[in-house]
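Notes follow once the structure below has been shown.
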Amino acid sequence: DAKTTQPNSMESNEEEPVHLPCNHSTISGTDYIHWYRQLPSQGPEYVIHGLTSNVNNRMASLAIAEDRKSSTLILHRATLRDAAVYYCISANTGKLIFGQGTTLQVKP
Amino acid sequence: NAGVTQTPKFQVLKTGQSMTLQCAQDMNHEYMSWYRQDPGMGLRLIHYSVGAGITDQGEVPNGYNVSRSTTEDFPLRLLSAAPSQTSVYFCASSLGLAAHTGELFFGEGSRLTVL
């Protein structure tokens with residue numbers, strides 16, 4: 001499984017889009033890119049995952065670079081409830097290894 | 001569906017005591033796992049199971065035992081508690097081990113303090 005690199009923290013304004021970057025330069029062809037988030041005092045929750053193509057769901061969009069060495073999680077309109085730690089994980093199985101993640105602050 | 005249920009939610013132990021953290025899921029998931037999260041840190045994988053009767057070690061297995069006698073249950077046993085095991089423990093499950101199965105469902109966590 002490839003190691004991922006994320007910024008420690010990011011800030012956003014409420015109702016603006018947020019782009020959370022992730023580098024996974026050693027990713028292999030079978031590694032999926034997973035995103036989870038953890039709200040304060042809660043367990044992590046699934047956000048989105050993908051292999052090669054960009055993915056959209058009700059929570060977010062995942063943009064994967066053509067060479068797959070990086071990806072971006074896009075929250076289209078940040079709300080205060082989106083303040084959380086966001087984890088980017090690269091894995092070819094469901095055995096997910098979490099890093100430190102990016103702490104997202106959302107300002108009203 | 002209840003999802004992933006962990007008990008107890010809070011526990012205080014003395015050094016050297018043993019205990020079992022319970023985890024149950026009602027989604028017929030094959031894959032289950034245990035993580036620990038120390039204050040201000042990310043999650044670390046302790047043990048995981050890909051089905052009844054099959055378990056394997058994660059990143060930090062020392063001091064913990066697991067078993068998987070049924071699909072639904074995946075208990076985590078602390079053999080002789082140490083202060084270094086003070087942490088929040090999360091149980092998680094998913095359909096299978098394959099990455100494309102996607103979503104890992106987490107329980108609410110069990111906060112353990114070892115004095």
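The structure presented is a predicted model; accordingly, all values stated were derived computationally and were not measured. The sequence lines fix the lettering, A, B, ..., with proteins before strands; numbering per chain opens at 1. All values below were derived from every heavy atom in this structure, side-chain atoms included, with hydrogens, water molecules and symmetry-related copies excluded.
- Of the possible polar contacts, none joining the Q85(B) side chain to the L78(B) backbone as a donor-acceptor pair under 3.5 Å is found.
- Ring geometry for F106(B) versus Y35(B): interplanar angle of 30 to 60°, hence tilted.
- Within 6.0 Å of CD in E108(B) there are 12 or fewer heavy atoms belonging to other residues, nucleotides or ligands.
- Heavy-atom distances place the side chain of L45(B), and not its backbone, under 4.5 Å from chain A.
- Counting only distance, with no hydrogens or angles, the side chain of Q37(B) and the backbone of V88(B) share no donor-acceptor pair below 3.5 Å.
- The interface of residues 99-108 of chain A with chain B, defined by heavy-atom distances below 4.5 Å, comprises G99(A), Q100(A).
- T55(B) pairs by the side chain to side chain contact (heavy atoms under 4.5 Å, CB included) definition with S49(B), V66(B), R68(B), F74(B), not counting sequence neighbours.
- Using cut-offs of 30° and 60° for the angle between ring planes, the H49(A) and H34(A) rings count as parallel.
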